[in-house]
Amino acid sequence: VVISGSCDHTVKVWDIQTGEMMNDLHCHIGAVSSLNFTTDTLVTCSEDRTVAVWKMKSPTDITRRMTLREHRDWVWAVDLSETTIISGSSDKTIKVWDA
């Protein structure tokens, strides 16, 4: 799969073989600036100053686990490992979260 984030506030999951959209997540109230994913976790960040953490059972079964709200400005970057989520914001901070 390919997962894309957009300025229309959505995250879309695409089938790489067919090009068909498999899921359309309405997850933020601002542009989605970055995302990253592993086999079972998706993280997204946004202009709305949040980081959303998602459980991915399959490309069509994705549910929000939590929303991280500690940034005071646009969150531009997000990455994750098995134990950690890292986000960077225009508020000049980098946050480290337990995954």
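Values reported hereafter were calculated over all heavy atoms of this structure, with side chains retained and with hydrogens, waters and symmetry mates removed. Everything quoted here is computed from the prediction, not taken from an experiment.
Contact annotation: the side chain of V51 never approaches that of T44 to less than 4.5 Å [non-hydrogen atoms, C-beta and beyond].
Not a single donor-acceptor pair under 3.5 Å links the side chain of S34 to the backbone N or O of C45.
For the atom pair CD1 (I29) and NE2 (H9), the distance works out to 8.5 Å, reported to the nearest 0.5 Å.
Of all non-hydrogen atoms in A52 and R64, the two that sit nearest each other are CB-NH1, 3.9 Å. Across all their heavy atoms, V75 and S87 have their closest contact at CG1-CB, 4.0 Å. Contact record, A31 with C7: CB-CA, 3.6 Å, taken as the closest heavy-atom pair.
Screening residues 67-96 for salt bridge (Lys or Arg N to Asp or Glu O under 4.0 Å) gives no qualifying pairs among residues at least two apart or on separate chains. Judged as a salt bridge (Lys or Arg N to Asp or Glu O under 4.0 Å), the pairs with a partner in residues 2-17 (not counting sequence neighbours) are, in order, D8-K12, K12-D24. Listed by first then second residue, pairs satisfying salt bridge (Lys or Arg N to Asp or Glu O under 4.0 Å) with a partner in residues 46-58 read D40-K55, not counting sequence neighbours.
With side-chain heavy atoms closer than 4.5 Å counting as contact, directly or through intermediates, the hydrophobic cluster containing I62 also holds V1, I3, V11, V13, M22, L25, V32, L35, F37, L42, W54, M56.
Partners of T83 according to the side chain to side chain donor-acceptor pair (under 3.5 Å) rule, which considers only residues two or more places apart in sequence or in another chain, do not exist here. Legend: residues meeting side-chain contact (heavy atoms from CB on, under 4.5 Å) with L80, ordered by chain and number and at least two apart, are N36, T38, T41, V43, I85.
Counting only N and O atoms by type, the side chains of W76 and S90 include a donor and acceptor under 3.5 Å apart. In this model, no donor atom of one side chain and acceptor atom of the other lie less than 3.5 Å apart for W97 and T84. At a cut-off of 3.5 Å, with distance as the only test, no side-chain donor of T50 or H71 sits close to an acceptor on the other residue.
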